[in-house]
Participant: 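Can you keep this structure in mind? I'll have questions shortly.
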Amino acid sequence: MAVVSANDATVLLAEKIAGSEANFVQMMNKKAAEFGMKNTSFVTSSGLPANELGPYSVQTDQVENLMSARDSAILARNLIRDFPEALEVSKIPRFTFRPGSKNELKMANNNWMLPDLPNYYPGVDGLKTGYTQAAGYCFTGTVVRDNMRLISVVMGTDSKTKRFVETNKLFDYGFSNFKLTKQMDKGAPVKGFETAPVKNGVELNVPAVTGSEVKVVTKIGTEAKLTPTVTFQDLNAPIKAGQVIGKLVLKEEGAKDTDYLQPEDAAKAGADLVAGQEVEEASWIRLFFRSIIQFFSNLFSSGTGN
């Protein structure tokens with residue numbers, strides 16, 4: 001299924017998982033809805049029209065499987081993120097089925113952008129080709145270079161080769177115009193947000209540092225000014241060193257949430273900020289005297305204007 005787009009293998013897998021292809025299609029549509037794929041509706045597991053399955057054709061009001069280019073990118077992104085091992089299969093350029101038997105069959109991957117195939121592009125390791133008369137020759141591809149991964153979607157071309165030619169243009173554009181740059185080291189404080197307030201702790205604040213390297217995709221040839229936005233959690237002692245205490249987002253000036261594949265991705269973007277040291281819970285005596293000091297401090301500060 002993954003290497004040579006075998007429709008029969010696709011149906012067999014669907015039946016194995018769900019008992020029937022119809023049940024599996026319901027699962028597909030449910031998962032698409034969970035992913036926020038708002039312009040997708042499946043009727044078959046293979047992607048073939050429901051009335052082109054020979055003796056297995058089914059009568060439905062909707063004949064064609066529907067999926068927008070954006071939804072295809074969303075599906076690809078979720079697959080790569082949640083099951084990166086899928087790329088170990090999709091990047092196989094040639095495969096021998098039933099090796100050593102009299103029915104041995106050597107076949108090339110339908111993704112011709114893989115090594116030793118007609119439209120090879122360095123770094124491509126997926127993902128999936130497709131064709132129907134209505135959709136034309138399509139390809140959802142992915143490539144990685146210098147630790148930056150691109151996902152492309154091409155639909156409606158008139159030949160097997162053309163879909164890869166157009167994908168090549170998209171990949172060239174992506175790598176020529178954007179790069180993944182390291183902005184901060186792991187364990188670094190954010191200027192202006194070096195500490196976070198802590199309630200009920202021996203200390204009133206805890207050092208805040210980045211939990212990992214902070215990398216951002218920036219446009220090549222421009223000195224993009226990245227503005228930090230920090231959101232701290234409501235923290236109560238005790239706090240453990242390395243505990244996630246907030247979120248850092250570095251946003252390019254003029255950037256909009258619509259620049260993301262999905263609006264909710266903007267909320268998930270950024271890097272975790274973690275506690276740079278442990279903060280123990282304060283004893284009740286310490287908290288008692290602290291409250292008294294705070295009371296008199298508030299009293300005198302409020303009386304200075306009388």
Participant: Taking 4.0 angstrom as the limit, do Asp71 and Lys38 come out as a salt bridge?
Facilitator: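 The answer is no: the pair does not qualify as a salt bridge.
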Participant: Do Thr44 and Asn65 get their side chains close enough for a donor-acceptor pair, meaning under 3.5 Å?
Facilitator: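 There is such a pair between these side chains.
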Participant: Checking Glu21 against Ser45: is there a side-chain donor and acceptor pair closer than 3.5 Å?
Facilitator: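 Yes.
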Participant: Between Asp82 and Arg77, is there a side-chain N and carboxylate O pair less than 4.0 Å apart?
Facilitator: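 No.
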Participant: Could you walk me through whether Glu64 and Val43 satisfy the side chain to side chain contact (heavy atoms under 4.5 Å, CB included) test, starting with their C-alpha distance in whole Å, then the side-chain angles of each, then the deciding distance to 0.1 Å, before giving a yes or no?
Facilitator: CA-CA 7 Å; Glu64 297 282 353; Val43 292; over 6 Å; no
Participant: Does Thr96 reach the main-chain N or O of Pro99 with its side chain, forming a donor-acceptor pair under 3.5 Å?
Facilitator: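 No.
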Participant: Going from CD on Gln233 to CG on Asp272, what distance comes out if it is rounded to the nearest 0.5 angstrom?
Facilitator: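 Here the rounded value is 8.5 Å.
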Participant: Side chains of Ile239 and Gln277, heavy atoms from C-beta outward: is any pair under 4.5 Å?
Facilitator: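 Not in contact.
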Participant: If you round to the nearest 0.5 Å, how far is CG of Leu127 from CG of Leu75?
Facilitator: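 Leu75 CG to Leu127 CG: 8.0 Å, rounded to 0.5 Å.
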Participant: For the residue pair Pro49 and Val63, establish whether any side-chain heavy-atom pair is separated by less than 4.5 Å.
Facilitator: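 Yes. Closest side-chain heavy atoms under 4.5 Å.
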Participant: Are the side chain of Ser20 and the backbone of Glu15 linked by a donor-acceptor contact shorter than 3.5 Å?
Facilitator: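 No; zero donor-acceptor contacts below 3.5 Å.
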Participant: Any side-chain heavy atom of Leu273 sitting closer than 4.5 Å to one from Thr210?
Facilitator: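 Side chain of Leu273 against side chain of Thr210, heavy atoms only: contact under 4.5 Å found.
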Participant: What I'd like to find out is whether the side chain of Asn168 reaches to under 4.5 Å of the side chain of Leu170, using heavy atoms alone.
Facilitator: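 Counting from C-beta outward, Asn168 and Leu170 never come under 4.5 Å.
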Participant: Check whether any side-chain N or O of Thr195 sits under 3.5 Å from a backbone N or O of Asn205 as a donor-acceptor pair, and report yes or no.
Facilitator: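 No, because the side chain of Thr195 does not come within donor-acceptor range (under 3.5 Å) of the backbone of Asn205.
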Participant: Under 3.5 Å, is there a donor on one side chain and an acceptor on the other for Thr140 and Ser72?
Facilitator: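 Yes, because at least one side-chain N or O of Thr140 sits under 3.5 Å from a partner of the opposite role on Ser72.
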Participant: Has the side chain of Glu34 got a donor or acceptor atom that lies under 3.5 Å from a matching backbone atom of Lys31?
Facilitator: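 Checking the backbone N and O of Lys31 against the side chain of Glu34, no donor-acceptor pair under 3.5 Å is found.
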Participant: Do other residues, nucleotides or ligands put more than 12 heavy atoms under 6.0 Å from Glu104 CD?
Facilitator: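 Counting neighbours around CD of Glu104, more than 12 heavy atoms of other residues, nucleotides or ligands fall under 6.0 Å, so yes.
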Participant: For the residue pair Val209 and Glu194, establish whether any side-chain heavy-atom pair is separated by less than 4.5 Å.
Facilitator: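 Heavy-atom side-chain distance check fails, nothing below 4.5 Å.
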Participant: Do you reckon Met37 sits in the same ILVMFWY cluster as Leu261, going by side-chain contacts under 4.5 Å, direct or chained?
Facilitator: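 Both belong to a single hydrophobic cluster.
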Participant: When you compare the side chains of Arg70 and Gln262, does any donor N or O come within less than 3.5 Å of an acceptor on the partner?
Facilitator: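 Note: Arg70 and Gln262 side chains miss the donor-acceptor criterion.
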Participant: Can you tell me if CD on Glu85 sees more than 12 non-hydrogen neighbours from other groups inside 6.0 Å?
Facilitator: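 Yes, enclosed.
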Participant: Do side-chain atoms of Arg94 reach the backbone of Ala108 as a donor and acceptor pair under 3.5 angstrom?
Facilitator: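 Checking the backbone N and O of Ala108 against the side chain of Arg94, no donor-acceptor pair under 3.5 Å is found.
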Participant: For residues Ala196 and Ile245, report the shortest heavy-atom separation together with the two atoms involved.
Facilitator: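 Between these two residues, the closest heavy atoms are CB-CD1, 4.1 Å.
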Participant: Taking all atoms of both residues into account, what is the closest heavy-atom pair of Thr142 and Arg149, and its distance?
Facilitator: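 Closest pair (atom of Thr142, atom of Arg149, distance): OG1-NH1, 2.9 Å.
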Participant: Would a line drawn from the ring center of Phe95 to the ring center of Phe97 be shorter than 6.0 Å?
Facilitator: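 Here the rings of Phe97 and Phe95 have centres that are less than 6.0 Å from each other.
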Participant: Answer yes or no: are there more than 12 heavy-atom neighbours, outside Lys179 itself, under 6.0 Å from its atom NZ?
Facilitator: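 No, NZ of Lys179 has 12 or fewer neighbouring heavy atoms, counting only those of other groups under 6.0 Å.
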Participant: Quick one: pull up OG1 in Thr167 and CG in Asn111 and give me the separation to the nearest 0.5 Å.
Facilitator: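 With rounding to 0.5 Å, OG1 (Thr167) is 8.5 Å from CG (Asn111).
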Participant: Are any non-hydrogen side-chain atoms of Lys169 and Tyr173 less than 4.5 angstrom apart?
Facilitator: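 No; the side chains remain at least 4.5 Å from each other.
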Participant: Any link between Met184 and Val244 through a network of hydrophobic side chains (Ile, Leu, Val, Met, Phe, Trp, Tyr) touching at under 4.5 Å?
Facilitator: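 Result: no, two separate clusters.
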Participant: Does the side chain of Pro228 reach to within under 4.5 Å of the side chain of Leu248, using non-hydrogen atoms?
Facilitator: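 Side-chain contact under 4.5 Å: yes.
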Participant: Without swapping roles, check the side chain of Asn109 against the backbone of Val4 for a donor-acceptor pair under 3.5 Å.
Facilitator: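 Side chain of Asn109 to backbone of Val4, a donor-acceptor pair under 3.5 Å: no, none is there.
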Participant: I need the minimum non-hydrogen distance between Val124 and Gly126, along with the two atoms involved.
Facilitator: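 For Val124 and Gly126, the tightest heavy-atom pair comes out as CG1-O, 3.5 Å.
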Participant: What distance do Met67 atom CE and Ile74 atom CD1 have between them, rounded to the nearest 0.5 Å?
Facilitator: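 So the gap between those two atoms works out to 10.0 Å.
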Participant: Please test Val214 against Lys182 for side chain to side chain contact (heavy atoms under 4.5 Å, CB included), starting from the C-alpha separation and ending with a verdict.
Facilitator: CA-CA 6 Å; Val214 180; Lys182 185 178 81 169; over 6 Å; no
Participant: Using distance alone, with no hydrogens and no angle criterion, decide if Lys128 and Ser5 have a side-chain donor and acceptor under 3.5 Å apart.
Facilitator: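 Note: Lys128 and Ser5 side chains meet the donor-acceptor criterion.
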Participant: Between Arg163 and Lys160, what is the shortest heavy-atom contact and its length?
Facilitator: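 It is CG-O, 2.9 Å.
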Participant: For Phe42 and Gln26: C-alpha separation, side-chain torsions, deciding distance, then whether side chain to side chain contact (heavy atoms under 4.5 Å, CB included) applies.
Facilitator: CA-CA 8 Å; Phe42 298 113; Gln26 290 182 7; over 6 Å; no
Participant: Applying the 4.5 Å side-chain criterion to the ILVMFWY set and letting contacts propagate, would Met27 and Phe35 be lumped into a single cluster?
Facilitator: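 They do share one cluster, since a chain of ILVMFWY contacts under 4.5 Å joins Met27 to Phe35.
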Participant: For side chain to side chain contact (heavy atoms under 4.5 Å, CB included), just list the numbers for Asp125 and Val143, CA-CA rounded to whole Å, side-chain angles, deciding distance to a tenth of an Å, and then say yes or no.
Facilitator: CA-CA 6 Å; Asp125 53 4; Val143 60; 5.8 Å; no
Participant: Are the side chains of Glu203 and Val198 in contact, using a 4.5 Å heavy-atom criterion?
Facilitator: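 Side chain of Val198 against side chain of Glu203, heavy atoms only: no contact under 4.5 Å found.
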Participant: For residues Ser176 and Ile220, report the shortest heavy-atom separation together with the two atoms involved.
Facilitator: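 So the minimum-distance heavy-atom pair works out to O-CD1, 3.6 Å.
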Participant: What pair of heavy atoms forms the shortest contact from Val89 to Ala2, and how long is it?
Facilitator: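 That closest heavy-atom pairing would be CG1-CB, 3.7 Å.
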Participant: Which class fits the ring pair Tyr121 and Phe175: parallel under 30°, tilted 30 to 60°, perpendicular over 60°?
Facilitator: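 Plane angle under 30°, so parallel.
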Participant: For the hydrophobic clusters of this structure (ILVMFWY residues joined by side-chain heavy atoms under 4.5 Å, transitively), does one cluster hold both Ile17 and Met28?
Facilitator: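 Both belong to a single hydrophobic cluster.
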Participant: Regarding Glu88 and Lys91, does a basic nitrogen lie under 4.0 Å from an acidic carboxylate oxygen?
Facilitator: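 Yes, Glu88 and Lys91 are salt-bridged.
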Participant: Looking at Asp61, I want to see if its CG is surrounded by more than 12 non-hydrogen atoms of other residues, nucleotides or ligands under 6.0 Å.
Facilitator: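 Check fails, neighbour count at 12 or below.
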Participant: Atom CZ of Phe178 and atom CG of Leu180: how far apart are they, to the nearest 0.5 Å?
Facilitator: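 Here the interatomic distance stands at 12.5 Å.
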Participant: How far does CG of Leu114 sit from CG of Asn119, to the nearest 0.5 angstrom?
Facilitator: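 Atom-to-atom, Leu114:CG and Asn119:CG are 10.5 Å apart.
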Participant: Given the rule that I, L, V, M, F, W and Y join up when any side-chain heavy atoms are under 4.5 Å apart, are Phe171 and Val217 in one cluster?
Facilitator: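 Looking at the clustering, Val217 is in the same group as Phe171.
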Participant: Between Thr10 and Asn7, is there a side-chain donor-acceptor contact under 3.5 Å, judged purely by atom types and distance?
Facilitator: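 Not at all, the side chains of Asn7 and Thr10 share no donor-acceptor pair under 3.5 Å.
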Participant: Does a donor on one side chain and an acceptor on the other come within less than 3.5 Å for Glu52 and Ser57?
Facilitator: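 Result is no, nothing qualifies.
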